[in-house]
Structures are given as C-alpha cells and as structure tokens.
Participant: 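One structure is given below, represented as structure tokens, and several questions about it will come after.
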Amino acid sequence: MDPKTGTENQTKQDKAILQLGDKQFELPVFAGTEGERAIDIRHLRKESGYITLDPGYVNTGMTRSSVCFIDGEEGILRYRGYPIEELAENSNFVETSFLLIHGDLPDPEQYEKFRQELRQHSMIHEDMRHFYDGFPSSAHPMAILSAMVLGLSTFYTESDNPEHDDDTNLTVCRLLSKVRTIAAFSFKKSIGQPFIYPDNSLSYCGNFLHMMFRVPAEPYHVDPEVERALNLLLILHADHEQNCSTATVRMVGSAQTNLYACISAGITALWGSRHGGANQAVLEQLNMIHNSGQEVDRFVETVKDKNSNARLMGFGHRVYKNYDPRAKIIKEACDRLLDHLGVQDPLLEIARRLEETALSDSYFIDRNLYPNVDFYSGIMYRAIGIPTDMFTVMFALGRLPGWIAHWLEMRSDPDDRIHRPRQIYTGPQKRSYPV
Ligand code: CMC
C-alpha cells in the first residue's frame with residue numbers, strides 16, 4: 001500500500017536493466033495509478049558512479065504525487081481524479097481549492113468552515129498597507145505580490161515552525177485570503193486610487209472584484225456573470241502538477257523554508273514569459289499585430305523563423321502535445337463573457353485567425369504546438385477590466401491552492417530530501433594560480 005495515495009498499484013512492478021561496460025545494474029520500475037511508469041534511479045550513482053543528465057527535467061520525475069494528473073498526449077487534466085471539465089462546469093474556486101489542499105471535495109459543513117476561515121483572514125495588517133508607499137507606481141504587480149507575500153512571513157512568524165499543523169492550516173487560510181487583497185491593492189496603487197477594504201459579505205471572487213473595481217465615490221455591484229467567469233479562470237489555473245513554479249515551491253520548501261517564502265519564490269518563477277508571464281505576452285503580441293496592422297500570416301512566418309527569436313505566445317506546452325483542455329474551456333467561456341458584456345474585441349478576432357493559421361501550418365503540426373491556457377485567458381481578463389500587467393497576478397491567485405497542496409504533500413512525504421540536483425562539470429581542469 002502506498003502511504004501517500006492509499007493505492008496498491010504504486011508498488012514495484014518490474015525492473016529495468018542498465019548495461020554500463022561489462023556491468024549490469026537492476027533498476028526498479030514503478031507505475032502510477034494511471035499507468036505512467038518510471039525507472040527508479042535513486043541509488044544509481046552510489047552503485048554505478050553514473051548520474052543521469054536531463055536539462056530542463058524533461059524526463060525526470062521529481063516526486064510521486066496524488067494532486068493532479070495530466071495526460072499530455074490525450075489532452076487530459078484532472079485534479080485529485082476529477083476531470084477539469086467537470087470542475088469547470090460545477091465547482092467554484094473555493095471548493096476546488098479545498099479539493100486540491102485536502103484531497104477530497106468538502107461536505108457542506110467543511111465547505112462552510114473553510115469559507116468562514118477565508119472570510120476571517122481577508123484583511124492585511126495595517127502596517128503592510130504602508131509597504132505600498134515604498135513601491136514606485138510603475139512597479140510590476142508580480143514584483144509587489146512576491147515581496148508582499150514574503151512580507152507576510154514577518155508578521156506571522158509561527159509559520160517558521162513547519163511542524164505545527166494548526167499553525168499550518170492558519171497559514172494556508174491567511175495566504176489564500178490575503179493574496180487577493182494584496183493583489184487588488186497593488187492594482188489600486190498602480191492607478192492611484194484609494195485601497196478598498198474587503199467586504200466579507202461577498203463571495204471569494206466577488207470580494208476580489210469589489211476590491212479591484214469599487215471606488216469610494218460610487219456604488220459597485222458584482223456582476224454574477226463576471227464572478228462566474230473569474231471562478232472559472234481561477235479553477236483552470238489552480239494546479240498543473242510539476243510545472244516550473246510548483247517545482248520552485250517544492251525546491252525552496254525542501255530546504256524547510258516557511259510557506260510564505262516558498263510561495264513568494266513560486267510567484268517569481270511564474271512571472272517569466274515562458275511560464276505564467278505568457279498571458280501578458282500574448283496580449284502584447286496581439287496588440288502589436290493590431291496596432292501595426294501586420295498580416296497574421298506574416299507574423300506566423302516570423303515566429304517560425306529561428307533567427308527572429310520570437311515565439312507565438314500562448315502556443316506550445318512542455319506536457320501537452322494536443323489541445324490544452326483548459327484552452328478549449330476558456331475559448332468557449334470567452335465567447336460567452338464577451339457576448340454578455342457586449343464587448344467586441346478586435347484582438348479576439350486576431351487570436352482566432354492566428355490559431356487557425358498556426359493549426360494548419362506544418363511547423364506547428366509537426367511540433368505538436370497547440371494553444372495553451374494563456375492564449376485566450378488574457379482576452380477574458382481584459383473584458384473584465386483587468387489590465388495586462390495584472391494578468392500573471394491572476395494566474396498566481398489561481399495557482400496558489402496548487403502550490404499549497406504540493407508543499408503540504410512534500411512535507412508529509414517520507415521520501416522527501418533537500419532538492420539538490422547534480423551536474424556534469426565541463427570547466428577547466430585543475431590549474432595553478434599564477435604567482
Ligand atoms: N512558437 C514557435 N515555436 C515554438 C513555440 C512557440 N510558441 N513553442 C515551441 N516552439 C518550437 C521550438 O522552437 C522548438 O522548435 P525546434 O524543435 O525546431 O527547435 C520546438 O517547438 C520545441 O520547443 P521547446 O522550447 O523545446 O519546448 P519546451 O517544452 O521546452 O517549451 C514552452 C515549452 C511552453 C516554454 C514553449 O512552447 C513556449 O515558449 N511557448 C510560448 C510561451 C507560452 O505560451 N508559455 C505558456 C505555457 S502554458 C502556461 C504555463 O503552464 O506556464
């Protein structure tokens with residue numbers, strides 16, 4: 001029985017034989033609950049003197065995990081066994097967060113308790129408000145988010161003791177709730193409007209929209225369709241197994257660093273344009289095409305040209321070699337939302353033409369490059385009124401429960417050790433310092 005998943009089929013199934021010179025090494029083979037197989041090389045170096053080389057960890061499993069399952073060839077994504085399509089249709093972000101963090105959907109009592117805990121922690125310490133005075137108004141909100149989340153650890157020092165479960169639950173609820181407030185405040189700071197305090201009578205997403213868009217001089221009513229769209233977007237971003245930022249959270253956490261610091265590191269990893277920053281880059285690319293009047297076909301030729309160093313942002317994925325299931329859901333939701341809001345966005349038309357052109361081009365077909373989650377999400381955020389440089393912050397709000405779930409899983413994993421990859425040294429051999 002596997003202690004982590006409670007399933008039988010993660011036991012040794014077979015072995016692989018590795019021949020190195022005249023020596024043979026037997027390596028155990030493991031299978032996951034969905035049949036994925038791995039060769040266990042844990043003792044390889046000790047027994048053979050060899051390490052494995054895998055830049056970008058393309059073939060390296062860093063852990064066994066029960067949080068999320070992806071089949072990139074088939075375009076399947078499930079959280080704790082539930083298909084993303086069903087969660088997107090029926091769940092909300094709070095419930096999905098509970099599912100990821102605790103492993104099962106909550107019963108009504110657990111759900112109410114969780115909601116209550118999130119409500120209770122929606123405000124940030126008043127002293128933290130003043131941190132915003134120190135940032136220039138041009139600061140990127142991802143930098144502010146990462147700094148402020150790290151700043152939380154200075155107020156809640158009990159998080160330094162990762163052994164105490166009650167404190168961990170408190171840290172989890174504080175993070176989930178306060179990150180919303182921090183994000184909304186950084187938006188208000190960037191546009192020079194006063195901060196709007198949370199209104200705990202609203203839902204999780206409703207409260208975020210209220211803090212983002214309310215101004216003291218006007219009433220603000222949360223549009224239920226916008227709230228629904230936001231729930232959907234956050235659910236779709238909530239986890240994606242060992243992606244760059246989640247792997248970062250795990251790596252930092254493996255050194256026994258507190259959860260706030262790990263999440264802060266995850267936020268910075270997410271910021272990059274090859275990862276979560278792609279949603280901002282997509283919109284910038286669409287805007288550039290729109291403003292320059294460039295033909296879509298010509299632009300596609302540019303991204304195919306290796307000398308251009310350009311990529312079609314929102315396309316391609318390390319794991320998906322098929323349509324990203326999240327992109328499919330977002331594309332439909334995008335049409336619905338824009339219809340509801342009566343928005344006619346020329347960028348949506350450009351995105352559709354780009355997709356159509358790329359998907360019938362052998363460059364993209366041969367490389368299995370399809371739209372990913374970031375391709376259409378920015379158009380929805382834009383329709384909601386969220387500015388481009390906040391897009392990756394929205395991704396971070398969504399990904400937070402996934403990061404937390406992985407951090408918790410790692411902490412209870414008997415196999416966990418500090419993450420410390422090896423390398424193959426290619427520098428100069430020993431030489432003497434000239435005297
Ligand atoms: N446009 C043009 N060519 C591409 C693209 C693209 N978007 N993505 C990959 N390629 C080409 C790449 O040049 C390479 O070609 P070749 O084999 O001729 O050298 C081939 O496809 C394989 O690319 P790779 O860089 O080896 O693939 P990877 O698995 O290391 O990278 C990726 C995955 C997502 C970083 C990459 O596809 C990319 O840069 N996409 C654009 C950025 C983007 O949309 N990122 C968001 C990912 S989804 C959200 C998230 O989880 O972060």
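Both counts, for ligands and for their atoms, begin at 1 and track the order of listing. Side-chain atoms are counted along with the backbone in the values below, which use heavy atoms only and exclude waters and symmetry mates. Numbers here are sequence positions counted from 1.
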Participant: In terms of side-chain heavy atoms, does Ser122 have a donor or acceptor partner in Arg119 at a distance below 3.5 Å?
Facilitator: no

Participant: State whether Asp335 and Arg352 are salt-bridged, where the test is any N-O pair (Lys NZ or Arg NE/NH1/NH2 against Asp/Glu carboxylate O) under 4.0 Å.
Facilitator: yes

Participant: Can you list, pair by pair, the side-chain donor-acceptor contacts under 3.5 Å of residues 362-369, counting residues two or more places apart and other chains?
Facilitator:
{"from": "Tyr363", "atom 1": "OH", "to": "Lys306", "atom 2": "NZ", "distance (Å)": "3.0"}
{"from": "Arg367", "atom 1": "NH1", "to": "Tyr363", "atom 2": "O", "distance (Å)": "3.2"}

Participant: Tell me, which residues have any heavy atom less than 4.0 Å from some atom of ligand 1?
Facilitator: Ser273, Arg274, His275, Gly276, Ala278, Val303, Lys306, Arg311, Leu312, Met313, Gly314, Phe315, Gly316, His317, Arg318, Tyr363, Arg367, Leu369, Asn372, Val373, Asp374

Participant: Is Lys304 salt-bridged to Glu301, going by a charged N under 4.0 Å from an acidic O?
Facilitator: yes

Participant: Would you be so kind as to tabulate the donor-acceptor pairs closer than 3.5 Å made by side chains of residues 222-239, with sequence neighbours excluded?
Facilitator:
{"from": "Asp223", "atom 1": "OD1", "to": "Glu225", "atom 2": "N", "distance (Å)": "2.8"}
{"from": "Asp223", "atom 1": "OD1", "to": "His340", "atom 2": "NE2", "distance (Å)": "3.3"}
{"from": "Asp223", "atom 1": "OD2", "to": "His340", "atom 2": "NE2", "distance (Å)": "2.8"}
{"from": "Glu225", "atom 1": "OE2", "to": "Arg228", "atom 2": "NH1", "distance (Å)": "3.4"}
{"from": "Glu227", "atom 1": "OE2", "to": "Ser203", "atom 2": "OG", "distance (Å)": "2.5"}
{"from": "Asn231", "atom 1": "OD1", "to": "Phe93", "atom 2": "N", "distance (Å)": "2.9"}
{"from": "Asn231", "atom 1": "ND2", "to": "Glu227", "atom 2": "O", "distance (Å)": "3.3"}
{"from": "His237", "atom 1": "ND1", "to": "Leu233", "atom 2": "O", "distance (Å)": "2.7"}
{"from": "Asp239", "atom 1": "OD1", "to": "His406", "atom 2": "NE2", "distance (Å)": "3.2"}
{"from": "Asp239", "atom 1": "OD2", "to": "His406", "atom 2": "NE2", "distance (Å)": "3.1"}

Participant: Holding to side-chain contact (heavy atoms from CB on, under 4.5 Å), I want the full list of residues that pass it with Glu36, two or more places apart in sequence or in another chain.
Facilitator: Phe69

